[in-house]
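Working notes for the structure below.
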2 protein chains.
Amino acid sequence: MTNKYQIIFNSIVDQIKSGEIPPNSLLPSENELKEQYDTSRETIRKALNLLAQNGYIQKVRGKGSIVIDINKFDFPVSGLVSFKELADKMEKKPRTIVNELSLIFKPDAYIRQQLQLSGKDQVWKIVRTREIGGKKIILDKDYLAAKYVPSITEEICANSIYAYLENELNLKISFAKKEIVVEEPTAEDRSFLDLEGFHNIVVIKNYVYLEDASLFQYTESRHRPDKFRFVDFARRTQ
Amino acid sequence: MTNKYQIIFNSIVDQIKSGEIPPNSLLPSENELKEQYDTSRETIRKALNLLAQNGYIQKVRGKGSIVIDINKFDFPVSGLVSFKELADKMEKKPRTIVNELSLIFKPDAYIRQQLQLSGKDQVWKIVRTREIGGKKIILDKDYLAAKYVPSITEEICANSIYAYLENELNLKISFAKKEIVVEEPTAEDRSFLDLEGFHNIVVIKNYVYLEDASLFQYTESRHRPDKFRFVDFARRTQ
DNA sequence: TAGTGGTCTAGACCACGTG
DNA sequence: ACGTGGTCTAGACCACTAG
């Protein structure tokens, strides 16, 4: 990306992170930034809107843009941190065990419904266990519409499915719908996970869409409750 | 709001919801919309960006704006649905019991830390139970920095704190940080809630900020796990 | 090649907060 | 009154998709 507003955004993010622009202070005004970066005000505003959306600043009309204290938001990250997309969630776990990788010719009604498929469409089913500190903590069940993914190997599943989809197959993920509920453990949970007496499972259901708004993946990520954590930053819709 | 782009946004939302513009079809192009609404292209683009951010459309360069099938996203709402801000979460429950309303002169270290307060600042503490279908399902513990809220009554707590803060005190909430974890029930949970044998509590911690980026409220919303549900729509950060 | 959305500009006027 | 951010305009050029 060589977009001007992206460059300005990154430049200001760096200044905030380094402490060059301290928390609770005001950013230079839009007109000053316009001069500094030798651009138009609308371009500056695009960069500032990006900063606001990402929780770096708070804009106040008539006053200026306040730098938010990011240290307040620096939680110790354990189980799960949201929004960085699935890449983070799926890939950065210490150890991954592939329990199942199969191409389903006749997906059952539940999967067809979740993936909005007709009976003729085939589906990849991938079941993986995530091990943290020697304990099996997370059970991931992935269902991928096969019309978008002609082939996939166990090695890819053990490493990074998303790197494969994006870099090899050139599929672009554009948005995802997430649903979090708490359920009783199933027999499958009990057999694949080290439950150690926990009576509940946190289930994150993910519906993943491609650039053309087509649904291509449904994922259930089943977490032991003690290792689960979800963080969310919500801005008031003006 | 009489903003042009808001009006255009609402107009298109209505057309999508009514089915006038069907799912998976293309919106008129930005140039067509520009003529239709007699405005400039940038204003149309603001409206379309709002639509994209709210999950109504997916924009594809060189192609157009695809209407996303909102029926796919129309989950039956039970316990909790995110993002509509706290108003929804806090206020629309059938029955609210106010268990405690007090002004704390010397907040303890935990609360001071959560609200980023010095020892001299006073804090309102509000504890409420939410009853759904005759069962006590949710325990809400609110801590409000008293410097922003000079007074509050039990009646206000039983109805809508947010309506009071926004309409009477003219406080504007601008953003919130949410954290979701699962914990063991405390003695307090057991005494205030109808746990019925559930072994876990879903805890939603909320840090609420005002327009000038000052932290003014910390809330713990403690849910019985069977009645908890969280929905999230995440767009890939481009 | 024509049409789409993405970026960028230079200017205008408005609503709001502070002095 | 002044400076701030919020909205809006009319135009330009670019990157991409499609026929």
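Throughout, protein chains are lettered first and strands after them, A, B, ... in sequence-line order, and every chain is numbered starting at 1.
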What residues, two or more places apart in sequence or in another chain, satisfy salt bridge (charged side-chain N to carboxylate O under 4.0 Å, His left out) together with B:R61? none

Taken in chain and number order and not counting sequence neighbours, the residues that satisfy ring-ring contact (aromatic ring centres under 6.0 Å, His included) with B:Y218 are B:Y207

Just how far, in rounded Å, is P of C:dC8 from CD of B:E30? 15 Å

Check side-chain hydrogen bond (donor to acceptor under 3.5 Å, both in side chains) between B:K4 and all other residues, then give those that pass, not counting sequence neighbours. none

Sequence neighbours excluded, which residues qualify as salt bridge (charged side-chain N to carboxylate O under 4.0 Å, His left out) partners of B:E220? B:R222

Side-chain contact check for A:K46: nearest option of C:dG5, C:dT7, D:dG5 is C:dT7

Sort me out a list of protein N/O and nucleotides 17-19 of chain C N/O pairs below 3.5 Å, or just none if empty.
none

Gap between atoms CG and P, on A:L33 and C:dT9 respectively (whole Å): 14 Å

Can you tell me the distance, in whole Å, between the CD1 atom of A:I8 and the P atom of C:dT7? 13 Å

Separation of atom CD in A:E35 from atom C1' in C:dA10, rounded to whole Å: 12 Å

With a cut-off of less than 4.0 Å, is there a side-chain N or O of B:K59 near OP1 or OP2 of C:dT4? no

Only pairs at least two apart or in different chains count here, so list each salt bridge (charged side-chain N to carboxylate O under 4.0 Å, His left out) that has a residue in residues 33-43 of chain A. A:E30-A:R41

Under the rule for side chain to side chain contact (heavy atoms under 4.5 Å, CB included), what residues qualify as partners of A:S29, not counting sequence neighbours? A:N31, A:E32

Is the shortest side-chain heavy-atom distance between B:I57 and B:I12 below 4.5 Å? no

side-chain hydrogen bond (donor to acceptor under 3.5 Å, both in side chains) with B:Y164: which residues, sequence neighbours excluded? none

Atom-to-atom span, CG of A:N49 to C1' of C:dC8 - whole angstrom: 15 Å

Does a side-chain N or O from A:Y5 land closer than 4.0 Å to OP1 or OP2 of C:dT7, or not? yes

Determine whether the side chains of A:Q217 and A:D142 contain a donor N or O and an acceptor N or O closer than 3.5 Å. yes

Please name all residues satisfying salt bridge (charged side-chain N to carboxylate O under 4.0 Å, His left out) with B:E154, sequence neighbours left out, ordered by chain then number. none

Counting Watson-Crick and G-U wobble pairs with both distances under 3.5 Å, what is the dot-bracket string for DNA chain D, 5' to 3', using [ ] for crossing pairs and | for pairs to another strand? ||||||||||||||||||.

Nearest-angstrom distance from the residue atom NZ of A:K34 to P of D:dT4: 11 Å

Apply salt bridge (charged side-chain N to carboxylate O under 4.0 Å, His left out) to B:K63 and list each qualifying residue two or more places apart in sequence or on a separate chain. none

Atom-pair distance (OH on A:Y37; C1' on C:dT9), nearest Å: 19 Å

Separation of A:I66 atom CD1 from C:dC16 atom C1', in whole Å? 14 Å

Looking at residues 38-45 of chain A, who's got a heavy atom less than 4.0 Å off DNA chain C? A:T39, A:S40, A:R41, A:E42, A:T43

